[in-house]
Every structure is written in structure tokens, then in C-alpha cells.
Amino acid sequence: MVIISVQTPVSLEEATMSGVVGVIAFPSLLGLAQVAIHRPLRLYNGLRFPAASLLGGMTVCAAGALSSLAVVGTCSLIQGLEIEALGPPGRNSVTFVGEDLALSTAMGCALFRAFGGRFSSALPSNILKPGAFGYEWIPAKGAQYATTLEKDWIQQLGKRYGCHTCGRRRGVVKFSADHQPPSKLVSGNGDPGVQKFYPQCDSCSGLQGGVISNGAWDRNSMAIVAHHYSLRAYHLFVPTPLAILGLKSSSPDPPHASREEVRKSSEKKVETSSTQTKPFHVENTSSESPLSLQAPLPRDSNVGEFEIRNCPLIIFWKNMVQFLDSFKSPIDCFHITLWVFTLFAACGTI
């Protein structure tokens with residue numbers, strides 16, 4: 001299924017403008033999902049496992065897929081305008097198909113995890129539970145206030161991770177030591193070892209007090225806090241679709257040619273090279289005997305070079321690719337290779 005066609009190689013200006021669109025689109029789509037979908041449905045990061053991780057992973061996948069389409073679509077649109085203004089450039093056309101979109105989405109999720117993101121952090125925070133930025137905490141002794149040492153520790157955590165509810169770091173003069181769960185919601189004013197201290201800004205602290213005072217907090221929409229304005233490293237979108245198109249354009253085989261077409265083309269190359277090895281005669285007009293000359297053999301590209309075809313790792317990789325090809329899947333060796341590297345990146349961050 002062809003989605004978008006792009007002319008390669010992509011120029012630096014086209015790649016820059018398309019990448020900027022992707023960088024803006026990814027966090028914007030995540031924030032839009034929090035405000036328009038998660039908050040009205042009261043979906044937050046503190047849901048029971050694995051609900052929060054699954055919902056957050058679906059959100060990240062959807063945002064990554066739409067951002068990939070935005071990158072490729074912007075590049076194709078810019079090239080369309082250039083073609084209309086200057087005429088068709090002498091470049092090759094490469095198609096961005098469904099397999100490429102799935103691969104780009106998977107790589108986006110892997111990079112999201114590699115940069116320190118948690119899928120549950122793509123959901124809003126609940127003011128009455130540990131928030132999306134609550135990476136570290138210190139134990140609280142029941143409902144007692146934090147000591148001076150604990151307050152200093154909370155300040156360090158706040159400067160590093162921000163408010164555990166909204167993620168704010170800049171503009172916060174002092175972080176409060178927030179009891180989680182709140183003391184008023186714990187029977188017996190909190191048992192030792194049950195509650196924890198998290199850093200919290202003054203705005204979220206006041207909001208928490210108001211929600212608890214009004215009662216019916218389990219149905220209060222004000223308890224769900226979106227944090228779309230707090231950006232982190234894992235909100236950065238890497239324009240992997242452009243890299244995929246670049247790798248496809250540099251492939252010696254036609255982009256997404258079927259295996260049967262590649263096999264036939266290779267057979268034609270072999271037949272052509274075999275016909276070139278036939279001897280030919282040159283007529284000698286002199287008194288000497290005619291000479292029978294033979295055309296030079298085609299140069300073997302592997303002669304004089306280090307051969308790695310006998311390497312055990314290469315043999316294992318070829319056997320695995322042949323095994324996957326036996327299922328007659330539309331995904332070719334190019335996609336299999338990138339999928340493996342993507343899984344390695346994701347597994348290294350679990």
C-alpha cells in the first residue's frame with residue numbers, strides 16, 4: 001500500500017523543514033490527546049497496571065504515526081511546489097508504504113523509551129495520586145510534616161524532575177513535600193511506611209487542597225491535570241521516515257520490488273555477463289596468421305578483498321532471513337533488519 005511518494009535524495013532544506021514539522025507535531029499531538037481525550041474520560045497515569053501503560057503506548061504510537069505522515073507529507077508537498085516552479089528535478093521517486101509507517105512508528109516508540117519516557121507518562125496526572133513525573137520519592141512518617149533534611153531532599157528532586165503532578169521546574173521558588181496518598185484520604189491519618197513524599201509546586205498543592213475540601217474527588221474533573229506544556233527529552237521526535245527513505249533510495253534493488261522481480265533481474269544480469277565472455281575474432285589484414293582474441297572477463301568485485309561471507313554471524317543472519325522469507329511475508333530483508341535494531345533499542349530500556 002503506497003501512502004506517499006517522495007523524490008530522493010532529499011535536500012537539506014526539505015529535510016530541515018520536514019523535521020521541524022515532526023518535532024512540533026509529536027508533542028502537540030500528545031498534549032491534544034491529554035486535553036481532548038484522556039481528561040474528559042478521566043484517564044490518568046495512576047490506573048492499575050497495565051491499563052496506564054497500554055493506553056499511553058497507544059497514544060505514543062498514534063502520535064508517532066501521525067508525525068511520521070506529517071514529515072513525509074511536508075517533504076512531498078515542498079517537492080511538489082518545487083516541481084511546479086522549477087520543473088521536475090532529476091531525482092528518483094521512492095514510495096513510503098505501510099510497512100515503512102509501521103517501522104517508523106516502532107522506532108519512535110523505542111526512542112521514546114530510550115530517552116527516558118514511560119508510556120504511562122503520556123497520560124495526565126491525578127492530583128490525588130503520584131503524578132506522571134514522580135520518578136523518585138522519599139518515605140514519609142505518616143501525616144507528620146517533612147523535616148528540614150527531607151525538605152532539602154525534596155528541593156533536589158524538584159529541581160531534577162519537576163513537580164510530580166504537572167512537571168514544572170522553572171519558575172518554582174520552593175517545592176512542597178506532598179503526601180501521597182493525601183493524609184485526609186488515608187485511614188487513621190496515615191500509617192508509617194504507607195505514605196511517600198513527592199516534590200510539588202504551589203499551584204498543584206493549592207489545587208489538591210481545593211479538590212479534597214470540595215469532596216466527591218473521585219468524580220471531580222479538576223483532579224485530572226494535563227501536563228502538555230512540560231516538555232522533556234522523550235518528547236523529541238527524530239525524523240526516522242527521512243532516514244528510511246534515504247536507506248531505500250540507496251538500495252541497489254528497486255524500492256519495494258517483489259522477490260520474484262529481484263530474482264528475475266539477477267538472472268538477467270547473469271545471462272548478460274555470460275554472453276560477454278564469448279570469444280570474438282578480429283580480422284587481420286596483414287600477412288600474419290589471424291589472431292583469435294577473447295573478450296576480457298568481467299571483473300570480480302570480491303577479488304583481492306576481504307570476504308566476510310563465511311562469517312558465522314553473516315551465515316546465521318542469512319539463514320534467519322531465508323526462514324522469514326519462507327512465510328511469503330510482504331516485509332523484505334530491509335524492514336527485517338531495521339525491525340531487529342528497533343527491538344534491541346526497546347529491550348535495552350525496559
> Apart from Leu66 itself, what residues make up its hydrophobic cluster when side-chain heavy atoms of I, L, V, M, F, W and Y under 4.5 Å apart count as a link, directly or indirectly?
Replying inline: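 Result for Leu66 is Leu29.
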> Do you see a donor-acceptor pair shorter than 3.5 Å between the side chains of Thr240 and Ser104?
Replying inline: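 Checked: Thr240/Ser104 side chains pair up, N/O donor to acceptor below 3.5 Å.
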Under a 4.5 Å cut-off applied to non-hydrogen side-chain atoms, are [X] and [Y] in contact?
X	Y	answer
Pro199	Phe197	no
Ile244	Glu99	no
Val10	Gln79	yes
Leu101	Ser68	yes
Pro124	Val225	no
Cys201	Cys166	yes
Gln34	Leu123	no
Val172	Asp202	no

> Just one of Phe175, Tyr135, Phe133 clears the ring-ring contact (aromatic ring centres under 6.0 Å, His included) bar with Tyr161, so which one?
Replying inline: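 Testing Tyr161 for a ring-ring contact (aromatic ring centres under 6.0 Å, His included) against Phe175, Tyr135, Phe133 leaves exactly one candidate, Tyr135.
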Considering all heavy atoms, the nearest [X]-[Y] contact:
X	Y	value
Leu12	Thr16	O-OG1, 2.7 Å
Asp100	Thr95	OD2-O, 3.5 Å
Thr165	His227	O-CD2, 4.2 Å
Ser120	Asn45	O-CB, 3.3 Å
Val60	Cys109	CG1-SG, 4.0 Å
Pro239	Val71	CB-CG1, 4.5 Å

> Taking only residues two or more places apart in sequence, or in another chain, which ones meet Pro181 in a side-chain contact (heavy atoms from CB on, under 4.5 Å)?
Replying inline: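 Partners of Pro181 under the side-chain contact (heavy atoms from CB on, under 4.5 Å) test: Val186, Gln195.
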> Listed by chain and number, what are the side-chain contact (heavy atoms from CB on, under 4.5 Å) partners of Pro130, not counting sequence neighbours?
Replying inline: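 side-chain contact (heavy atoms from CB on, under 4.5 Å) check on Pro130 returns Gln180, Tyr198.
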> What about Phe112 and Tyr234, are their ring centers closer than 6.0 Å?
Replying inline: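 Phe112 vs Tyr234: aromatic centres under 6.0 Å.
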Heavy-atom donor-acceptor pair, [X] side chain to [Y] backbone, under 3.5 Å:
X	Y	answer
Ser18	Val72	no
Ser67	Ala63	yes
Gln156	Trp153	no
Ser121	Gly117	no

To the nearest 0.5 Å, tell me how far [X] [atom1] sits from [Y] [atom2].
X	Y	atom1	atom2	value
Cys75	Met17	SG	CE	10.0 Å
Ser203	Leu207	OG	CG	6.5 Å
Ser125	His164	OG	NE2	8.0 Å

>> Suppose the criterion is salt bridge (Lys or Arg N to Asp or Glu O under 4.0 Å): which pairs have a residue in residues 145-160, not counting sequence neighbours?
In response: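 Only Glu136-Arg160 qualify under salt bridge (Lys or Arg N to Asp or Glu O under 4.0 Å).
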> Which residue pairs satisfy the salt bridge (Lys or Arg N to Asp or Glu O under 4.0 Å) criterion with at least one member in residues 163-183, sequence neighbours excluded?
Replying inline: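 Pairs touching residues 163-183 that pass the test: none.
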Test of understanding: clusters of I, L, V, M, F, W, Y form through side-chain heavy atoms closer than 4.5 Å, transitively. Do [X] and [Y] belong to the same one?
X	Y	value
Leu30	Met58	no
Met222	Leu185	yes
Leu55	Phe119	no

> Can you list the steps and then say if Ile127 with Gln200 is a side-chain contact (heavy atoms from CB on, under 4.5 Å)?
Replying inline: CA-CA 10 Å; Ile127 200 72; Gln200 191 176 52; 4.0 Å; yes
>> Give me each pair satisfying ring pair (Phe, Tyr, Trp, His ring centres under 6.0 Å) with a member in residues 13-46, each pair once, sequence neighbours excluded.
In response: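 Residue pairs with at least one partner in residues 13-46: Phe26-Phe237.
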